[in-house]
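A short write-up of the structure that comes next.
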Amino acid sequence: MKKRIFSGAQPTGELHLGNYLGATKNWVELQNDYDSMFCIVDLHAITVPQDPLVLRRKTLDLARIYLAAGIDPDVSTVFVQSAVPAHAELAWALNCIAKMGELQRMTQFKDKSGGKSESASVGLFTYPVLMAADILLYQTDLVPVGQDQKQHLELTRDIAERFNRDYGETFVVPDPYILKAGAKILSLKDPSKKMSKSDPNENATIFLMDDPDTVMRKVRKAVTDSGTTVEFDENRPAINNLLTIYRMLTGKSEEDCVTEFEGRGYGEFKPALGETVVEFLRPFQERYKQFDDEELKNILKAGAEKARELARTTIDNTYKNLGLR
Ligand code: ATP
Ligand code: LTN
């Protein structure tokens, strides 16, 4: 039997190169070797206010992005979180297992609440517990995510282990799958931050739907460190980041990338990187346009049916072990 992977992204904002290189690219590469579930986590999205009409459209658009990136709905299960009530049912039970202190340590909550925890929703606070429910519901073995989700994965493991200890073996304890390359793609304007959907600086993030002129401009304006050589160097995060993007999109080895730009400066590297990104996005955006709404809705409907069936077994077992029902 194949091992299971589960991952998801929120249908908010636009997906960017960081999401692709840190997560989606790995999903595509793993999907044939694992029993794969890819979720559009709309219940996570509402932890901050959303316009309902926009959320509905973004949910379908994200399914389109998954498919354009290479997720094959005949191989993987693609579905929307809110179509499977068991996510919320398990989240409630796990809310009674997770500790306030554990959640208070979550750095994403601190970042996303912007230090104003009093006015953040309770949902935003307990967001990692819903994420744990997503993962544990499907007896997941491996969770491919970017570096920023590592802490949530550790919490998920702690919750699973505590539950298994106190109420009997119920959940598979999942492992994170975080590759070194691409796990944290940095902002093009401030390499001390990760590339993010919600960065106020419009040149900081390359979105998957950006047109060629926009991509070329963002790459041209990307900050560089002191020094002129084009090399992988942890101490020069800006060029390290740009070169990582180049390497991952071309599939070349580190050595080949360095040799290619030896003796050539940023002036030659940046246009080459820009072209590489444009040439990667072109076929991606073509594929994006191919899927119509009806086709997507059918794929999501079939995915949700399969997910509901799998989730039911875990919920029944969890509730029984807790003495419910
Ligand atoms: P953002 O911070 O951009 O708003 P998010 O974390 O809310 O993003 P999701 O769409 O839910 O966005 O994330 C999908 C996946 O992308 C997650 O696995 C996350 O770890 C990964 N990811 C997000 N940003 C980056 C990045 N800069 N580099 C690598 N992976 C990333
Ligand atoms: N928290 C993640 C999105 C997410 C997720 C998940 C990822 C929600 N549930 C389950 C992996 C597995 C984020 O903010 N990027």
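Read the numbers this way: they start at 1 and go in the same order the structure lists the ligands and their atoms.
Residue pairs meeting the side-chain hydrogen bond (donor to acceptor under 3.5 Å, both in side chains) criterion with at least one member in residues 262-273, sequence neighbours excluded, are Arg236-Tyr266, Arg264-Glu268.
Looking at Ile185 next to ligand 1, an N or O pair under 3.5 Å apart turns up. In terms of polar-atom proximity, Pro144 is not counted as a contact of ligand 1, lacking any N or O under 3.5 Å from an N or O of the ligand. The N/O atoms of Ser7, backbone and side chain alike, include none that comes under 3.5 Å of an N/O atom in ligand 1.
Side-chain contact check for Thr259 and Asp256: no donor-acceptor pair (N or O, by modelled atom type) lies under 3.5 Å. Donor-acceptor pairing under 3.5 Å is recorded for the side chains of Gln81 and Asp134. Looking only at atom types and distance, the side chain of Asn321 has a donor-acceptor partner in the side chain of Thr170 under 3.5 Å away. Under 3.5 Å, the side chains of Thr12 and Gln10 contain no donor-acceptor pair of N or O atoms.
Cation-pi check for Arg64 over Tyr288 is met; the charged atom lies under 6.0 angstrom from the ring centroid and within 45 degrees of its normal.
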When you pair each N or O of ligand 2 with protein N or O atoms, which pairs come out under 3.5 Å?
from, atom 1, to, atom 2, distance (Å)
ligand 2, 1 (N), Tyr127, OH, 2.7
ligand 2, 1 (N), Gln149, OE1, 3.0
ligand 2, 9 (N), Asp134, OD2, 2.6
ligand 2, 14 (O), Tyr127, OH, 2.6
ligand 2, 14 (O), Gln149, NE2, 3.3
ligand 2, 15 (N), Gln149, NE2, 3.4

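In this structure, of Gly18, Pro176, Gly13, the residue bringing a heavy atom nearest to atom 31 (C) of ligand 1 is Gly18.
Atoms of ligand 1 found under 4.0 Å from any heavy atom of Gly146, numbered from 1 in the order shown, are 18 (O), 19 (C), 20 (O), 30 (N). Near Gly182, the atoms of ligand 1 lying under 4.0 angstrom from a non-hydrogen atom of the residue are 28 (N), 29 (C).
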